[in-house]
Amino acid sequence: MKQSARSIPVSGFQVVTAVVILLALGTGALGQAQSAPRAEEPKMTEQAFKNIKVLKGLPADQLIPSMQFISASLGVECEFCHVERAFEKDDKKPKEAARKMVQMMLAINQDNFEGHREVTCNTCHRGSVHPVSIPAIASEDEAPTTAAMEHGEPNQSPDESNQASQPVDPILEKYLAAVGGASAVQKVSSRVEKGNASMGGRQIPIEIYAQGPDKRVSILHLPGGDSITAFDGRSGWLGNPGRPPRPMGPSEIDAARLDADLYFPVHLKEIFSELGVAPSERVRGQDLTVIRGLRQGKPPVKFYFDKSGLLVRMVRYGDSALGLNPTQVDYADYRDSGGVKIPYQWSIARPSGRFTIQIDKVEQNVPIDAAKFAPPAPPPGQSPPSP
């Protein structure tokens, strides 16, 4: 029986569980191949994982983001192509079909676009198992195109082009003032937040520890054990129930670094080599001011500010060998905490689903054990995760 994207039920809790399994399987497959000592050169996919036939010659840390991109583009989970806990097996026909499609996509780009990544899985599939061959009928509220984001070119009308020439500094200054000013922001040396994550109708306890300037760990207390995302200012790691911790890949580190910056409103201008005003967008009945940030060799990031100057949305992309994986973070319920306004609620949305974190308690300038940001010691005889 053929499955479509809509026939696969994915609740918020299932999404998180699937992500936990996917991330952990990356470590499992790597461990099955061989552990990488710190001094070794980075391994390629075919060295670190079993039965790699198409995506050879890539850094091993690019494989999982590439699989996530395929999953998002087709609206399926890992088990659509893979045998659970035996990803190297070729028992399922969709896996061989996926290999052929990737080869076709790479050939199209090589033969027609000088090898540049113009055609991706999502070009045709658009979240469906089967390619979308019929144009969609326009709705009243058209979603903004992501093409301009991916290609680094604003999708502007003549009137909108005037916005691109507007100065960015007044918007950034208004944002900094709205959260309390640089002095108030920089007086915070640490922050501990406790609340719940809403996933598929379930409330899962969560704790978040942030240490200035750029350390952060979130601990999600799942029924089967803790799911941990940690960044120590230089490298990060992920821990999932029943699995050994694994180091973050480059795209994950990039996202974690943005989230971990305790002084982000102050540092925003320093983080990006280029900031420009993009066309305003209407979201939930509000006209939002939009800034687009660029960094050398990294996908763009968009920041959305409301009339008060507060940041209410961020859209960022994780790069992979096959395409960009989007993440949208919506910030809400800003409250004063020790002279600084911070969001007590944020929602994280990806193609696979969405979950919302609601904070109930905040403590600032409290001591945090440095061990919280370090991965746990491995069992005897097992190497620690490499940064």
Side-chain angles (χ1 to χ4, degrees), residues 62 65 68-69 72 117 120 122 143-156 160 163-176 178-179 185 210 213-214 216 218 229 231 233 236 248-283 286 288-306 309-320 322-332 334 342-343 346-352 354 357:
Q62 278 287 299
Q68 292 171 332
F69 182 78
R117 191 179 62 202
T120 72
N122 195 62
T145 178
T146 59
M149 289 295 294
E150 184 168 356
H151 293 276
E153 299 171 357
N155 185 24
Q156 299 173 334
E160 291 171 336
Q163 291 177 288
S165 62
Q166 291 180 6
V168 171
D169 286 354
I171 300 170
L172 299 181
E173 290 165 4
K174 186 176 181 180
Y175 169 43
L176 187 55
V179 298
V185 170
D214 54 5
R216 186 178 189 267
S218 65
T229 302
F231 182 75
M248 289 183 178
S251 292
E252 293 164 330
I253 288 175
D254 188 44
R257 183 173 282 112
L258 287 176
D259 291 337
D261 193 335
L262 194 60
Y263 312 124
F264 180 76
V266 179
H267 293 160
L268 177 54
K269 191 174 180 180
E270 302 170 12
I271 294 171
F272 294 89
S273 58
E274 182 180 338
L275 287 165
V277 180
S280 61
E281 295 183 24
R282 192 166 183 80
V283 178
Q286 292 188 79
L288 302 181
T289 300
V290 183
I291 285 180
R292 186 168 176 271
L294 297 175
R295 294 164 294 171
Q296 183 66 36
K298 297 182 183 295
V301 182
K302 287 177 75 175
F303 301 97
Y304 297 71
F305 302 91
D306 65 12
L310 292 172
L311 177 67
V312 294
R313 173 174 288 182
M314 174 171 59
V315 178
R316 63 193 182 210
Y317 299 84
D319 204 1
S320 79
L322 301 182
L324 299 178
N325 289 311
T327 298
Q328 177 178 296
V329 186
D330 289 317
Y331 305 97
Y334 274 87
I342 61 173
W346 59 95
S347 298
I348 302 172
R350 300 183 179 93
S352 56
R354 168 190 294 264
I357 295 171

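The chain is numbered in sequence order, starting from 1.
Using a 4.5 Å cut-off on side-chain heavy atoms (C-beta onward), Val179 and Leu310 make contact. Contact check for Leu275 versus Leu172: side-chain heavy atoms found under the 4.5 Å cut-off. Contact of the Arg313 side chain with the Gln328 side chain is registered, since non-hydrogen atoms from C-beta on lie closer than 4.5 Å. In this structure the side chain of Leu258 reaches within 4.5 angstrom of the side chain of Phe264, judged on heavy atoms. In this structure the side chain of Phe69 reaches within 4.5 angstrom of the side chain of Asn122, judged on heavy atoms.
In this structure, Ser352 contributes its side chain and Ala72 its backbone to no donor-acceptor pair below 3.5 Å. With hydrogens and angles ignored, the 3.5 Å screen pairs no side-chain donor or acceptor of Gln286 with any backbone N or O of Val283. Tyr317 places no side-chain N or O within 3.5 Å of a backbone atom of Gly323 that could act as its donor or acceptor partner.
The pair Asp330-Arg354 meets the salt-bridge criterion, since a charged nitrogen lies less than 4.0 angstrom from a carboxylate oxygen. A salt bridge links Arg316 with Asp259: the distance from a Lys NZ or Arg NE/NH1/NH2 to an Asp or Glu carboxylate oxygen falls below 4.0 Å. Using a cut-off of 4.0 Å between Lys/Arg side-chain N and Asp/Glu carboxylate O, Arg292 and Glu274 are scored as not salt-bridged.
The side-chain contact (heavy atoms from CB on, under 4.5 Å) test with Ser320 singles out one residue from Pro250, Pro65, Ser251, and that residue is Pro65.
Separating the CG atom in Leu268 from the CG atom in Leu176 is a distance of 9.5 Å, to the nearest 0.5 Å. Note that CD1 of Ile253 and CZ of Phe231 are 6.5 Å apart. Values are rounded to the nearest 0.5 Å. Rounded to the nearest 0.5 angstrom, Ile348 CD1 and Thr327 OG1 are separated by 8.0 Å. To the nearest 0.5 angstrom, Leu324 atom CG is 8.5 Å from Thr120 atom OG1. Within the model, atoms CD1 of Ile271 and NZ of Lys298 stand 11.5 Å from one another, a figure rounded to the nearest 0.5 Å. How far CD1 of Ile171 is from CG of Leu311: 12.0 Å, rounded to the nearest 0.5 Å.
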Stepwise side-chain contact (heavy atoms from CB on, under 4.5 Å) test for Tyr304 and Glu281: CA-CA 8 Å; Tyr304 297 71; Glu281 295 183 24; 3.3 Å; yes

Is there a ring pair (Phe, Tyr, Trp, His ring centres under 6.0 Å) between Phe303 and Tyr331 once you walk through the steps? CA-CA 11 Å; Phe303 301 97; Tyr331 305 97; 9.3 Å; no

CA sep, side-chain torsions, deciding dist, call: Val168, Lys269, side-chain contact (heavy atoms from CB on, under 4.5 Å): CA-CA 9 Å; Val168 171; Lys269 191 174 180 180; over 6 Å; no

Run Val277 and Val290 through side-chain contact (heavy atoms from CB on, under 4.5 Å) and show every step you take. CA-CA 6 Å; Val277 180; Val290 183; over 6 Å; no

Would you check, one step at a time, whether the test salt bridge (Lys or Arg N to Asp or Glu O under 4.0 Å) holds for Asp254 with Arg295? CA-CA 11 Å; Asp254 188 44; Arg295 294 164 294 171; 2.8 Å; yes

Decide side-chain contact (heavy atoms from CB on, under 4.5 Å) for Arg350 and Gln68; before the verdict, give the C-alpha distance in whole Å, the side-chain angles of both, and the deciding distance to 0.1 Å. CA-CA 10 Å; Arg350 300 183 179 93; Gln68 292 171 332; over 6 Å; no

Kindly indicate, with the supporting measurements, whether the criterion salt bridge (Lys or Arg N to Asp or Glu O under 4.0 Å) is fulfilled by Asp319 and Arg117. CA-CA 11 Å; Asp319 204 1; Arg117 191 179 62 202; 3.0 Å; yes

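A pairwise comparison of heavy atoms in Gly309 and Ala178 identifies C-CB, 4.1 Å as the closest pair.
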